[in-house]
Number of protein chains: 2
Amino acid sequence: MKNVNSDMAYDYIRKRILHGEYGPGKALMTESLSTEIGVSRTPVRDALRQLESDGLVSIRPRLGASVKQMNVKEFREMCDLRLALESHAAGLAAINRREADLHEIEFALEAMRRLNVAILAAPQEDPLIAELVREDVRFHVAIMSAAKNDLMKKEILRLHLINRVVSGPAGCERPIVTKSDRDIRRQAVLDSHDEIYAAIARSDPVAAKQAMERHIQDIIDGSMRPMARAESGLIARELTAEEMSYGL
Amino acid sequence: MKNVNSDMAYDYIRKRILHGEYGPGKALMTESLSTEIGVSRTPVRDALRQLESDGLVSIRPRLGASVKQMNVKEFREMCDLRLALESHAAGLAAINRREADLHEIEFALEAMRRLNVAILAAPQEDPLIAELVREDVRFHVAIMSAAKNDLMKKEILRLHLINRVVSGPAGCERPIVTKSDRDIRRQAVLDSHDEIYAAIARSDPVAAKQAMERHIQDIIDGSMRPMARAESGLIARELTAEEMSYGL
DNA sequence: ATCCTATGAAGAATGTCAACTCGGATATGG
DNA sequence: CCATATCCGAGTTGACATTCTTCATAGGAT
């Protein structure tokens with residue numbers, strides 16, 4: 001896209017949603033947004049429709065747009081989708097990887113290892129955690145790139161973004177767990193990453209796929225528990241019963 | 001959606017594309033479409049953007065919309081995506097199926113068997129072929145429904161539609177192969193279906209997944225050959241190099 | 001007499017439209 | 001073959017029509 005005003009509105013709203021300024025369920029009114037951004041309502045409308053197809057907002061006719069909100073069922077389904085796609089991508093990565101891809105993956109992995117030992121020793125862990133998730137993203141992106149399937153990469157990135165939004169603003173409100181729990185969990189993630197990297201490095205698609213499957217499943221299990229706890233706040237506020245018609 | 005005019009435009013254009021009246025690459029100008037449909041340009045614009053997110057048309061800013069056209073790379077990637085999703089769905093179906101789902105799958109399978117023997121004997125096979133693909137779709141949809149993941153179902157159906165459009169209008173222009181070749185291939189498809197059904201019936205997810213994987217791979221192999229032959233007509237006319245920015 | 005429900009109007013936000021502006025593509029001339 | 005001018009179509013805008021929501025009031029029931 002290089003539509004000046006539509007892009008401006010798209011970037012503006014998208015950034016706010018990803019930063020958590022617009023929380024799930026927040027109403028997005030075209031008129032107030034248009035005055036806020038300084039453009040007309042049409043590009044705002046375009047941006048909202050684009051964001052809807054990204055899965056970040058939901059639009060109901062005559063009712064307006066709002067930041068996407070999921071119930072546990074939808075969340076589970078999305079996680080399953082991500083599991084299917086990302087594990088398949090890991091298998092592809094083990095087949096299609098080049099040396100440069102391998103280096104990129106290892107680079108992210110090494111950065112995560114360094115950050116992990118730093119976090120273990122640091123009194124204030126938050127800023128380092130932010131860097132860690134950054135490198136975690138880099139690790140997963142590197143694998144998707146190594147899979148050499150741009151469409152799949154794009155789709156997985158889409159799901160990652162949705163996941164980030166609906167599971168809370170930038171993951172900054174983790175459930176109440178002790179520091180040692182977090183330490184253990186980070187170590188488990190690192191071990192999983194090692195396993196995945198090793199499988200890709202030795203060009204073993206089935207091992208890479210299974211390792212990624214377990215890894216994602218672990219992440220899902222970790223995410224679903226607090227999700228289920230706050231279930232009452234995530235009930236189906238929208239019933240998009242639009243069955244995608246396969247008819248001509 | 002229940003936006004009167006936008007829906008009208010959406011259904012209108014979508015139907016034409018799926019019927020093959022608007023072939024791949026066909027330019028879709030908002031003005032002519034709006035006069036043709038009898039609405040303003042705004043709902044046509046909305047419809048085109050919606051169809052873009054469906055993957056059926058591509059919009060380039062300041063240049064207008066056109067029916068989606070793929071190069072072999074994109075086609076391969078989409079097939080891989082479908083392979084990952086649909087095989088995963090088959091595995092889920094083996095786990096989550098209910099009796100009713102099993103009946104639905106068997107129903108479609110039985111219909112395909114009957115049609116196959118009818119086609120083997122019939123002199124004019126085309127109308128029966130149309131019914132066969134209808135039941136084939138029913139078979140795959142039944143499995144996706146049995147997987148109990150609406151999001152995944154929706155996504156796979158989207159890919160099916162794109163596949164139908166880019167691989168030619170309603171599959172009516174098959175490459176030049178003999179009748180016996182087609183007979184053999186239909187039988188292979190039926191056998192694959194039997195295998196998939198059996199695995200789902202005995203609740204064997206890994207077998208169901210693998211069977212579906214092989215089935216889709218066979219379909220892809222069959223589709224890629226004529227695709228590669230006509231490669232010159234499917235070169236990249238559009239270079240949508242828009243890397244999905246993961247940044248905030 | 002008080003509370004709940006239903007009906008109505010006022011307000012606001014969305015869908016839609018026609019017109020204006022801007023950018024790219026084609027044609028013409030050098 | 002390249003530069004310039006013209007034309008066509010998309011992006012954008014503000015205004016109008018439509019519809020959903022909300023609040024208030026009147027009626028009835030307990």
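Values below: all heavy atoms of this structure, side chains included; hydrogens, waters and symmetry mates excluded. We name chains A, B, ... by the order of the sequence lines, and we start the count at 1 in each one.
Taking a heavy-atom distance under 4.0 Å as the criterion, the stretch of DNA chain C touched by chain A extends 5' to 3' from C/dA13 to C/dG15.
There is no side-chain donor-acceptor pair under 3.5 Å between B/Q50 and B/D46.
For D/dT12, the OP1/OP2 oxygens have a side-chain nitrogen or oxygen of A/S6 closer than 4.0 Å.
The pair B/R138-B/E135 counts as a salt bridge, with a side-chain nitrogen and a carboxylate oxygen less than 4.0 angstrom apart. Taking the charged nitrogens against the carboxylate oxygens, B/E77 and B/K73 do have a contact shorter than 4.0 Å, which makes a salt bridge. Using a cut-off of 4.0 Å between Lys/Arg side-chain N and Asp/Glu carboxylate O, B/R158 and B/E155 are scored as salt-bridged. Note on B/E52 versus B/K68: no salt bridge recorded, every NZ/NE/NH1/NH2 to OD/OE distance being 4.0 Å or above.
Counting to the nearest Å, the P atom of D/dG11 and the CG atom of A/D7 are 11 Å from each other. Rounded to an integer number of Å, the gap from B/M29 CE to D/dC8 C1' is 10 Å. In this structure, CE of A/M8 is placed 13 Å from C1' of D/dT12, rounded to the nearest angstrom. Atoms CG (A/N5) and P (D/dA10) sit 18 Å apart, rounded to a whole Å. Rounded to whole Å, atom P of D/dT18 lies 15 Å from atom CG of B/N3. Remark: P of D/dC8 and CG of B/L28 are 20 Å apart, rounded to the nearest angstrom. Between A/Q50 atom CD and D/dG11 atom C1' the separation is 15 Å, expressed in whole Å. If you measure from atom CZ of B/R60 to atom C1' of D/dA10, you get 13 Å, rounded to the nearest angstrom.
Heavy-atom nearest nucleotides on DNA chain D were determined for B/T30 and for B/T42, and the one closer to the 5' end corresponds to B/T30. Take the nearest nucleotide of DNA chain D for A/P43 and for B/R62: the residue whose nucleotide is more 5' is B/R62.
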For this session: Kindly indicate, with the supporting measurements, whether the criterion side-chain contact (heavy atoms from CB on, under 4.5 Å) is fulfilled by B/Y10 and B/L48.
Result: CA-CA 7 Å; B/Y10 178 79; B/L48 288 174; over 6 Å; no
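The side-chain tip of B/R14 does not point at the ring of B/Y12 from less than 6.0 angstrom away and within 45° of straight on.
Interface remark: the B/R41 side chain does form a donor-acceptor pair with the D/dG11 base, using a distance-only criterion of under 3.5 Å.
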